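Written out below as structure tokens is the structure these notes cover.
Below, each value reflects all heavy atoms present in this structure, side chains not excepted, and no hydrogens, waters or symmetry copies. Given the structure is predicted, the values throughout are model-derived calculations rather than measurements.
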Amino acid sequence: MAKNKTPISNAETYQQISEFWDDHDLADYWDNLKPVEFEVEIETNTTYFPVETNLSQNLAKIAKQHGVSPETLLNLWIQEKMAEELALSE
């Protein structure tokens, strides 16, 4: 953070800002705020496929052993298998 003071708290560090807002209510400073506009573009595309219960349970166990989510492990395995298949078709 630059060595400037914030306009409401007059704080110079993130720690001071944190301490100020721990003790103050934003509602008391509402009139000091300026309106802002921003856009958020989140592009996410998820496709769901049914997985047999027994496969899903085993996947969850293996994923836990590897310290990752079942979704991450499944996506890694699919990527590996697809890379193999694509290499064979070239």
Could you list the donor-acceptor pairs under 3.5 angstrom formed between side-chain atoms of residues 39-61 and any protein atom two or more places apart in sequence or on another chain?
unit_1 : atom_1 : unit_2 : atom_2 : d
N54    : OD1    : N58    : ND2    : 3.3
N58    : ND2    : N54    : O      : 3.3

Do M82 and W77 belong to the same hydrophobic cluster, where Ile, Leu, Val, Met, Phe, Trp and Tyr are linked whenever their side-chain heavy atoms lie under 4.5 Å apart, directly or via other members?
-> yes

Give, for atom CG of L33 and atom CG of L26, the distance between the pair rounded to the nearest 0.5 Å.
-> 5.5 Å

Set of salt bridge (Lys or Arg N to Asp or Glu O under 4.0 Å) partners for E85, sequence neighbours left out | K81

Rounding to 0.5 Å, atoms CD1 (I8) and CG (N32) come to a distance of 5.0 Å

Take the angle between the ring planes of W21 and H24 and call it parallel below 30°, perpendicular above 60°, tilted in between.
-> perpendicular

Rounded to the nearest 0.5 Å, how far apart are CZ of F20 and CG of D22?
-> 11.0 Å

Cluster check I78, L88: I/L/V/M/F/W/Y, side chain < 4.5 angstrom | no

